[in-house]
Asks: 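Attaching a single structure in structure tokens format; questions to follow.
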Amino acid sequence: MDSRAFLGLRPSHNPYRWSLEVGPGLVTRGGFLFGGCGLGAAISALEGTSGRQCVWATAQYLAYATGGEVVDVDVTIAVEGHQTTQARAVCHVGNREVLTVNAALGHRPLEQAGQWEHLPDDLPRPQDCPPRPQHGPIDGTINERLDQRIVKGRGPAQLDGSSGDGQVLVWTRIPDVLDGVDATALAVLGDFVPMGVGQALGVLGGGNSLDNTLRVVHLVPTEWVLLDIRVHAVERGFGHGLVHMFAEDGTLLATASQSCIVRSWDQRRRRPTADPGGRNP
């Protein structure tokens, strides 16, 4: 399937309105829509309505969408130029706004190009890396639909309160998406700064995303995507960081940056304390 089918995003008779049912495989352990899936749905709707590819998109997470609810995605084309479209998408359940996404879409032919971020040295292949350890059941969640292999990171038993260096490396693929990695798929894969926050702090935790900005660089065919997660700081109860996403051949596909409300997971429950924001898996 392609990324739109992966999310279950559906068009309507109105080319500016799309809809998404929050079903199994799109939620976190708490039963809420995973923030990356929300941004991915908005990007797919924006690309579908505008007919152009995403350059960047930024989401502000405002409220939860829970399993079984239907999220409507309303697209507004603010400015449509010869090569670039500026647009926004408002995702809501009834009159409850869940997230708002602003974006630019388009393509500008330019001879000059370059890449100055690169894969880490001596990187092992995904097949040679262990699966990402989980700290609880993942049945019916977004994690069940992702194949993740740890290059650098700690398992739950190793999170002893000691600080890490702020970097986590994870090979990730979406086995269901066979038609190539696009901006929508990268939005899903880029929502892992909160996981990196728990790793940086050395605690079984993460956070609720306040925002997520995806910047798409260059799309090439790849099965696996390396998530190079870098946590910059945690202060005043908020964590900040970014993810560089590389194809297997070293191409920088995209970057994603986030701020999140830092949470410690209660192992007796399957979700963090309720608060508006994106969902950490």
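Residues: numbered from 1 along the sequence shown. In what follows, every heavy atom counts, from backbone to side chain, and hydrogens, waters and symmetry copies are set aside.
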Asks: Are Thr184 and Arg4 packed together at the side-chain level, in the sense that at least one heavy-atom pair is separated by less than 4.5 angstrom?
Replies: no
Asks: A side-chain contact here means heavy atoms from C-beta on lying under 4.5 Å apart; do Trp171 and Leu123 qualify?
Replies: yes
Asks: State plainly whether one hydrophobic cluster holds both Trp56 and Phe246, where clusters connect Ile, Leu, Val, Met, Phe, Trp and Tyr through side-chain heavy atoms under 4.5 angstrom apart.
Replies: no
Asks: Do the side chains of Leu227 and Leu189 get nearer than 4.5 Å, heavy atoms only?
Replies: yes
Asks: We want to know whether Ser3 and Asp182 form a side-chain donor-acceptor pair, criterion being a heavy-atom distance below 3.5 angstrom.
Replies: yes
Asks: What closest approach, in Å, do Pro156 and His135 show between heavy atoms, and which atom pair accounts for it?
Replies: CG-CB, 3.9 Å
Asks: Indicate yes or no: does Glu223 engage Arg125 in a salt bridge with an N to O separation below 4.0 Å.
Replies: no
Asks: Are the side chains of Leu169 and Pro120 in touch, meaning some heavy atoms are under 4.5 Å apart?
Replies: yes
Asks: Would one find more than 12 heavy atoms of other residues, nucleotides or ligands at under 6.0 Å from atom CD of Glu235?
Replies: no
Asks: Going by side-chain contact (heavy atoms from CB on, under 4.5 Å), Leu26 matches just one of Val71, Leu33, Thr141. Which one?
Replies: Leu33
Asks: Between Asp211 and Gln258, does any side-chain donor sit less than 3.5 Å from a side-chain acceptor?
Replies: no
Asks: Within this structure, what is the CD1-CD distance for the pair Ile138 and Glu144, rounded to the nearest 0.5 Å?
Replies: 6.0 Å
Asks: For the residue pair Ser12 / Arg17, report whether a side-chain donor-acceptor contact shorter than 3.5 Å exists.
Replies: no
Asks: For a quick test of reading the model, state the closest non-hydrogen atom pair linking Arg52 to Leu105 and the distance between them.
Replies: O-CD2, 3.5 Å
Asks: Please step through side chain to side chain contact (heavy atoms under 4.5 Å, CB included) for the pair Ile174 and Leu146, ending with a clear verdict.
Replies: CA-CA 5 Å; Ile174 308 176; Leu146 301 179; 3.7 Å; yes
Asks: Can you check side chain to side chain contact (heavy atoms under 4.5 Å, CB included) on Val22 and Phe34, steps first, answer last?
Replies: CA-CA 9 Å; Val22 184; Phe34 178 49; over 6 Å; no
Asks: Measure the spacing between OG of Ser209 and CG of Asp191 and express it to the nearest 0.5 Å.
Replies: 4.0 Å
Asks: For the atom pair CG (Leu226) and CG (Leu119), what is the distance rounded to the nearest 0.5 Å?
Replies: 6.0 Å
Asks: How about Trp18 and Ser44: does a side-chain donor come under 3.5 Å of a side-chain acceptor?
Replies: no
Asks: Keeping the roles fixed (side chain from Arg96, backbone from Tyr64), state whether a donor-acceptor pair exists under 3.5 Å.
Replies: yes
Asks: When rounded to the nearest 0.5 angstrom, what is the spacing between CG in Leu7 and CE in Met1?
Replies: 10.0 Å
Asks: How long is the span from the CG atom in Asn208 to the CZ atom in Phe32, to the nearest 0.5 Å?
Replies: 8.5 Å
Asks: Check Ala57 against Val101 and note the closest heavy-atom contact, atom names and distance.
Replies: CB-CG1, 4.0 Å
Asks: For side chain to side chain contact (heavy atoms under 4.5 Å, CB included), just list the numbers for Val90 and Val73, CA-CA rounded to whole Å, side-chain angles, deciding distance to a tenth of an Å, and then say yes or no.
Replies: CA-CA 6 Å; Val90 176; Val73 184; over 6 Å; no
Asks: Are Val55 and Leu46 connected in a single hydrophobic cluster, I mean Ile/Leu/Val/Met/Phe/Trp/Tyr linked by side-chain heavy atoms less than 4.5 Å apart?
Replies: no
Asks: Judged by atom type as modelled, is there a donor-acceptor pair below 3.5 Å linking the side chain of Gln148 to the main-chain atoms of Arg173?
Replies: no
Asks: Who pairs with Asp249 by side-chain hydrogen bond (donor to acceptor under 3.5 Å, both in side chains), at least two apart in sequence or on another chain?
Replies: Thr251
Asks: Write down the atom of Ser19, the atom of Val70, and the distance for their closest heavy-atom approach.
Replies: CB-CG1, 4.2 Å
Asks: If the test is side chain to side chain donor-acceptor pair (under 3.5 Å), which one of Gln167, His118, His244 qualifies with Asp228?
Replies: Gln167
Asks: Considering non-hydrogen atoms only, spot the tightest contact between Ala183 and Val216 and give its length.
Replies: CB-CG2, 3.9 Å
Asks: Is it the case that over 12 heavy atoms from other parts of the model lie below 6.0 angstrom from the CD atom of Glu248?
Replies: yes
Asks: Between the main-chain N or O of Val98 and the side-chain N or O of Tyr61, is there a donor-acceptor pair closer than 3.5 Å?
Replies: no
Asks: Measure the shortest side-chain to side-chain distance between Val262 and Val234 over non-hydrogen atoms and say whether it is less than 4.5 angstrom.
Replies: yes
Asks: Answer with yes or no whether the hydrophobic clustering places Ile150 together with Val231; edges join I, L, V, M, F, W, Y residues whose side-chain heavy atoms lie under 4.5 Å apart.
Replies: yes
Asks: List the atom of Leu9, the atom of Ala45, and the distance in Å for their closest heavy-atom pair.
Replies: CD2-N, 3.8 Å
Asks: What's the separation between atom CZ in Phe238 and atom OG in Ser259, rounded to the nearest 0.5 Å?
Replies: 9.0 Å
Asks: Answer yes or no: is there an ion pair linking Asp165 with Lys152, defined by an N-O contact shorter than 4.0 Å?
Replies: yes
Asks: Between Arg154 and Ser162, does the side chain to side chain donor-acceptor pair (under 3.5 Å) criterion hold? Intermediate values first, please.
Replies: CA-CA 11 Å; Arg154 293 184 278 182; Ser162 60; 3.2 Å; yes
Asks: Grouping I, L, V, M, F, W and Y whenever their side-chain heavy atoms are under 4.5 Å apart, do Val217 and Trp224 come out in a common cluster?
Replies: yes
Asks: Do Cys37 and Leu20 have side chains that approach each other closer than 4.5 Å (heavy atoms only, starting at C-beta)?
Replies: no
Asks: Just wondering, are more than 12 heavy atoms of other shown residues or ligands nearer than 6.0 Å to CD in Gln60?
Replies: no
Asks: Pair Leu186, Leu214 - check side chain to side chain contact (heavy atoms under 4.5 Å, CB included), show working.
Replies: CA-CA 8 Å; Leu186 291 171; Leu214 180 75; 4.2 Å; yes
Asks: Does the Thr76 side chain pair with the main chain of Ala78, one donor and one acceptor, at a distance under 3.5 Å?
Replies: no
Asks: Side-chain contact test, heavy atoms from C-beta onward, threshold under 4.5 Å: evaluate it for Val243 versus Thr255 and give yes or no.
Replies: no
Asks: With distance as the sole test, does Gln115 use its side chain to make a donor-acceptor pair with the main-chain N or O of Leu252 at under 3.5 Å?
Replies: yes
Asks: Heavy atoms, side chains only, cut-off 4.5 Å: are Leu159 and Gln199 in contact?
Replies: yes
Asks: Applying a strict under-4.5 Å side-chain criterion to I, L, V, M, F, W and Y, I'd like to know whether Val151 and Val225 cluster together.
Replies: no
